[in-house]
**Student:** 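Here you go, one structure.
From a predicted model like this one, the values you see are computed outputs, not experimental measurements. In listed order, ligands and their atoms are each counted from 1. No hydrogens, no waters, no symmetry mates; every other heavy atom, side chains included, goes into these values.
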Amino acid sequence: MSFNLKDIISIRDFKKSDVDYILNLAEDMEPIAKSQKVSHLKEGKLLGVMFYEPSTRTRLSFETAMKRLGGDVVGFNQKQGTSVQKGEVLYDTAQIVSQYSDALVLRHDMEGAARFVADNVDVPVVNAGDGAGQHPSQTLLDLYTIKKSLGKLNDIKIAIVGDLKYGRTVHSLVYALAMYNVEIIFISPDQLRMPDEILDDLKKLNCKFSIESSLIENIDNVDVIYMTRIQKERFPDHKEYMKVKGQYTINKKNLENTDTIVMHPLPRVDEIDFNVDQLDNAMYFKQAFNGVPVRMALLDSIIK
Ligand code: NCD
């Protein structure tokens with residue numbers, strides 16, 4: 001098997017064999033991610049990170065991944081302190097950081113930003129989130145987590161819950177799930193439903209899905225519950241956010257007598273009670289760790 005994508009922009013650019021390639025390679029990376037083995041695979045290479053939006057897991061796990069592979073990182077995690085504050089445009093900043101590094105990881109609030117940069121620089125580009133668009137490395141770690149927890153990616157049922165309108169993690173995830181034999185239940189406030197164009201795509205891809213309103217009634221119906229945060233920062237009107245906030249939450253009692261695993265890309269706000277953390281069902285912290293081996297696999301595949 002080989003991997004020929006230059007950039008990681010959208011999960012829709014992946015063939016199923018590309019996804020499987022990364023998931024398998026991530027498994028090989030685990031001992032390095034856990035510091036049981038030392039790697040020199042990317043020694044002498046530099047990763048450029050450009051984060052225009054807040055991030056904890058994505059940025060730190062990319063940085064950890066690069067350093068665990070023997071490489072190093074340059075970049076910024078906020079606009080403050082860079083020439084962006086003086087009015088420098090994304091195109092120019094990307095030209096500069098791309099000349100200082102061997103690959104770029106970009107998070108930006110504008111949908112399409114990563115594709116734009118990839119089209120205009122010579123080094124490989126990873127989209128670490130472009131507005132409400134895509135978040136492909138998150139999707140790969142989500143799949144990796146499902147595969148590790150359930151031992152399979154086929155013949156599973158998953159409830160995807162929360163902000164399906166603005167959530168880029170779920171906009172990515174569903175296209176990857178559609179590559180497997182998976183049944184999806186979408187659960188969200190009416191105002192935050194999965195966009196029609198994505199539902200139309202899923203129909204074309206023969207992905208089985210339904211739209212439901214009750215989370216509690218569906219807990220036992222599924223193998224995985226994928227919770228998401230309401231994306232407060234993407235609401236044009238704060239009053240609209242206040243109307244939908246806190247509508248879908250889950251606690252320890254809801255999960256009594258079920259093996260259904262609970263995932264979340266994090267950060268959580270109020271979707272998952274802290275008392276869920278102690279249960280075997282809670283997979284979200286392991287999921288966050290899985291970002292390291294999966295991102296190691298991605299970096300290893302695109303940085304030559
Ligand atoms: C997500 C994101 O930035 O889209 N976080 C992450 O990368 N793990 C989810 C979110 O912010 O809600």
**Student:** For the residue pair Arg107 / His135, report whether a side-chain donor-acceptor contact shorter than 3.5 Å exists.
**Tutor:** yes
**Student:** Which atoms of ligand 1 sit under 4.0 Å from any heavy atom of Gln138?
**Tutor:** 6 (C), 7 (O), 8 (N)
**Student:** Looking only at the side chains, is there a donor atom on one of Asp130 and Gln134 sitting less than 3.5 Å from an acceptor on the other?
**Tutor:** no
**Student:** Judged on heavy-atom distance to atom 7 (O) of ligand 1, which of Gln134, Lys232, His135 sits nearest?
**Tutor:** His135
**Student:** Please report whether ligand 1 has a polar contact with Pro265, defined as an N or O pair separated by less than 3.5 Å (distance criterion only).
**Tutor:** yes
**Student:** Any carboxylate oxygen within less than 4.0 angstrom of a Lys/Arg side-chain nitrogen, looking at Arg168 and Glu233?
**Tutor:** no
**Student:** Tell me which part of Ser55 gets within contact of ligand 1: side chain, backbone, both or neither, using heavy atoms under 4.0 Å.
**Tutor:** neither
**Student:** Within the 4.0 Å heavy-atom shell around Arg229, which atoms of ligand 1 are there?
**Tutor:** 10 (C), 11 (O), 12 (O)
**Student:** Can you list the ligand 1 atoms lying under 4.0 Å from a non-hydrogen atom of Pro267?
**Tutor:** 10 (C), 11 (O)
**Student:** Name all pairs fulfilling the ring pair (Phe, Tyr, Trp, His ring centres under 6.0 Å) condition that reach into residues 204-233, sequence neighbours left out, sorted by first residue then second.
**Tutor:** Phe186-Phe209
**Student:** Please list, one pair per line, the donor and acceptor atoms closer than 3.5 Å that link side chains of residues 212-225 to other protein atoms, with sequence neighbours excluded.
**Tutor:**
{"unit_1": "Ser214", "atom_1": "OG", "unit_2": "Glu217", "atom_2": "N", "d": "3.0"}
{"unit_1": "Asn218", "atom_1": "OD1", "unit_2": "Asn221", "atom_2": "ND2", "d": "2.9"}
{"unit_1": "Asn218", "atom_1": "ND2", "unit_2": "Ser214", "atom_2": "O", "d": "2.8"}
{"unit_1": "Asp220", "atom_1": "OD1", "unit_2": "Thr258", "atom_2": "OG1", "d": "3.0"}
{"unit_1": "Asp223", "atom_1": "OD2", "unit_2": "Lys157", "atom_2": "N", "d": "2.7"}

**Student:** Checking contacts here: is it the side chain or the backbone of Glu53 that comes within 4.0 Å of ligand 1, counting heavy atoms only? Could be both or neither.
**Tutor:** neither
**Student:** Applying ring pair (Phe, Tyr, Trp, His ring centres under 6.0 Å) to Tyr166 and Phe235, what does each step give before you reach the verdict?
**Tutor:** CA-CA 8 Å; Tyr166 295 116; Phe235 280 67; 5.2 Å; yes
**Student:** Could you tell me which atoms of ligand 1, counted from 1 in the order shown, lie closer than 4.0 angstrom to a heavy atom of Thr58?
**Tutor:** 6 (C), 7 (O)
**Student:** Nearest to atom 5 (N) of ligand 1 by heavy atom, Leu266, Val269, Val170, Thr169: which?
**Tutor:** Leu266
**Student:** Just checking, is any N or O donor in the side chain of Asp201 or Tyr175 under 3.5 Å from an acceptor N or O on the other one?
**Tutor:** yes
**Student:** Please list the nearest protein heavy atom to atom 3 (O) of ligand 1 with its residue and the distance rounded to 0.1 Å.
**Tutor:** Arg168 NH2, 2.9 Å
